[in-house]
Amino acid sequence: MSDIETLKAQSLQAVKDAATLPELEEVRVAFLGKKGRLTEIMKTLGTMSVEERKSFGAAVNLAKDELTQTIDARKAELEGFALDARLKQEKVDVTLPTRTRHEGRIHPVTQVIEEAVAIFGEMGFSVAEGPDIEDDYHNFEALNFPADHPARAMHDTFYLKGGKLLRTHTSPVQVRAMKKQKPPLRVLAPGSTFRCDSDMTHTPMFHQIEGLVIEKNIHMGHLKGCLIEFVKTFFEIDDLPVRFRASFFPFTEPSAEMDIGCSREGGTLKLGNGGDWLEILGCGMVHPNVLKACGLDPEEHQGFAFGMGVERLAMLKYGMPDLRAFFDNDIRWLTHYGFGALDIPSLIGGLSQ
Ligand code: PHE
């Protein structure tokens, strides 16, 4: 009986001493393998009385179970160490110079944002940013989404522990801009947005460009002039037809969606004067409730706002067929659809070479 206790203690100590996975495997074979010491000791059962055999057999089995469990635990621990060591060793030094074979390309999302910044920059807009992790107040409440309003559900919001959320649109930057700067205001806010939605045409993360103008005596005519100028310049089509359709957003009144002309003949989409229409962005006059929430007097200041999807603009201008490929990080896609790092979009130099 004491034999088996000694053997057990020895085996557990050996597991502790095993510093590597191969060493641990040696210990397992030495004690539990076909010719292992705990396997061998079972062979002495034949020399024992029935009573002895029972208790001895049970003790050996217990020892085997305990050893197996201890080995498994140690194995998990050593695997953890091995992974840590590997992660340390395989650290990537991002400051190393690039390999020319994989010369970096500018992602179409970045390119489209740069192009929009170039166009609106020319009109006097400056770029503003807000956090990706927002609170309910900036993402919804100050934007005139009443509590329990169905429009909140429409946004498929990702909520974080503690009540914060991932912004569902770039419109909260409107609120931050109005609270930070005194009018007149011309702000362009590009950035990431998040909605719990994923299929052919939706990814959980995507990008929007928000625009906001606050001045005295601003009206719908300014909004239309500004956006018509933008789409013609962005798509590089001088006679691009546009139309505004009445729509609804809680934070604008009146609200509209802007369509641009296209043709879908033979199943291929072509932008321009083709008799058909394609929705391109949402816009409207800033709702008086939003102005008030941001400390502005609607009798004194008015404004317009617009928001558009960056990936959608990119797909329409550059012809990518599948939205999901934007975020696959496939070097072939990036090489094909990416842009040269030195071809910086400008109205004088050209938006897209
Ligand atoms: N935030 C709206 C959306 O995500 C777009 C929008 C912005 C509409 C500004 C009007 C004014 O759908």
Side-chain angles (χ1 to χ4, degrees), residues 109 112-113 116 120 125 127-132 134-146 149-158 165-178 185-197 201-215 218-220 222-228 230-231 242-260 278-291 293-294 296 298 301-313 323:
V109 166
V112 165
I113 291 175
F120 285 109
F125 284 73
V127 173
E129 285 187 327
D132 292 353
E134 264 297 3
D135 47 35
D136 184 273
Y137 175 78
H138 290 91
N139 198 79
F140 292 125
E141 197 184 319
L143 289 167
N144 196 35
F145 284 79
H149 191 279
R152 289 190 185 220
M154 257 163 54
H155 275 230
D156 300 313
T157 315
F158 283 113
L165 49 84
L166 297 181
R167 66 177 176 191
T168 58
H169 51 177
T170 40
S171 301
V173 187
Q174 287 188 36
V175 177
R176 292 182 179 276
M178 280 186 265
L185 212 77
R186 289 184 197 185
V187 164
L188 197 71
S192 316
T193 46
F194 308 84
R195 289 183 201 179
C196 187
D197 203 351
T201 52
H202 297 88
T203 46
M205 191 235 10
F206 56 105
H207 298 80
Q208 288 189 337
I209 299 173
E210 191 84 9
L212 173 72
V213 170
I214 304 281
E215 277 170 45
I218 287 286
H219 54 72
M220 202 82 184
H222 296 114
L223 174 156
K224 290 175 76 173
C226 171
L227 292 176
I228 291 170
F230 168 72
V231 290
V242 299
R243 74 174 182 190
F244 289 83
R245 271 179 300 106
S247 184
F248 173 80
F249 301 101
F251 38 92
T252 46
E253 181 58 36
S255 303
E257 268 162 337
M258 185 186 190
D259 296 344
I260 55 174
L278 190 72
E279 183 198 319
I280 194 82
L281 57 82
C283 57
M285 302 304 296
V286 179
H287 197 292
N289 288 352
V290 176
L291 292 170
C294 298
L296 296 173
H301 288 106
Q302 298 77 42
F304 66 83
F306 55 86
M308 48 202 168
V310 176
E311 288 80 2
R312 185 172 167 79
L313 289 175
L323 170 68

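Sequential numbering from 1 along the given sequence is applied to the chain's residues. Whatever order the structure lists them in is the order used to number ligands and atoms, beginning at 1. This one's a predicted model, so the numbers in the text were calculated from it and none came from an experiment.
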Checking heavy atoms under 4.0 Å, the part of M285 that sits near ligand 1 is neither
re atom 12 (O) of ligand 1, the protein heavy-atom contact at minimum distance is F249 CE2, 3.9 Å
Within-cut-off N or O pair, R195 and ligand 1, under 3.5 Å: yes
Given the options E134, E210, E129, R176 meets salt bridge (charged side-chain N to carboxylate O under 4.0 Å, His left out) only with E134
The answer for which part of F251 has a heavy atom under 4.0 Å from ligand 1 is side chain
query: Between T252 and ligand 1, does any nitrogen or oxygen pair lie at a separation below 3.5 Å?
result: no
Any heavy atom of C283 under 4.0 Å from ligand 1? The part involved is backbone
For Q174, the atoms of ligand 1 under 4.0 Å from one of its heavy atoms are 9 (C)
Quiz item: Quick check: does S171 get an N/O under 3.5 Å from an N/O on ligand 1?
Solution: yes
Ligand 1 to Q208, heavy atom cutoff 4.0 Å, flagged ligand atoms 3 (C), 4 (O)
Here the atoms of ligand 1 under 4.0 Å from any heavy atom belonging to F306 are 7 (C), 9 (C), 11 (C)
If you take the centroid of each ring, where Trp contributes its six-membered ring, are F306 and F120 closer together than 6.0 Å? yes
Item to complete: I would like to know whether T252 and N144 meet side chain to side chain contact (heavy atoms under 4.5 Å, CB included); could you show each step before the answer?
Response: CA-CA 9 Å; T252 46; N144 196 35; over 6 Å; no
* To do: Check whether any side-chain heavy atom of T170 lies under 4.5 Å from a side-chain heavy atom of T193, and answer yes or no.
  => yes
query = Polar-atom distance check: H169 versus ligand 1, any N or O pair below 3.5 Å?
reply = yes
### Message
Side chains of H138 and R167, heavy atoms from C-beta outward: is any pair under 4.5 Å?
### Response
no
Verdict with reasoning, V175 to L143, per side chain to side chain contact (heavy atoms under 4.5 Å, CB included)
CA-CA 7 Å; V175 177; L143 289 167; 3.7 Å; yes
(message) Before we go on, tell me: are the rings of H169 and F251 under 6.0 Å apart, centre to centre?
(response) yes
Ranked by distance from atom 5 (C) of ligand 1, the top protein heavy atom is G307 CA, 4.1 Å
### Message
Any non-hydrogen side-chain atom of E311 less than 4.5 Å from a side-chain atom of V109?
### Response
yes
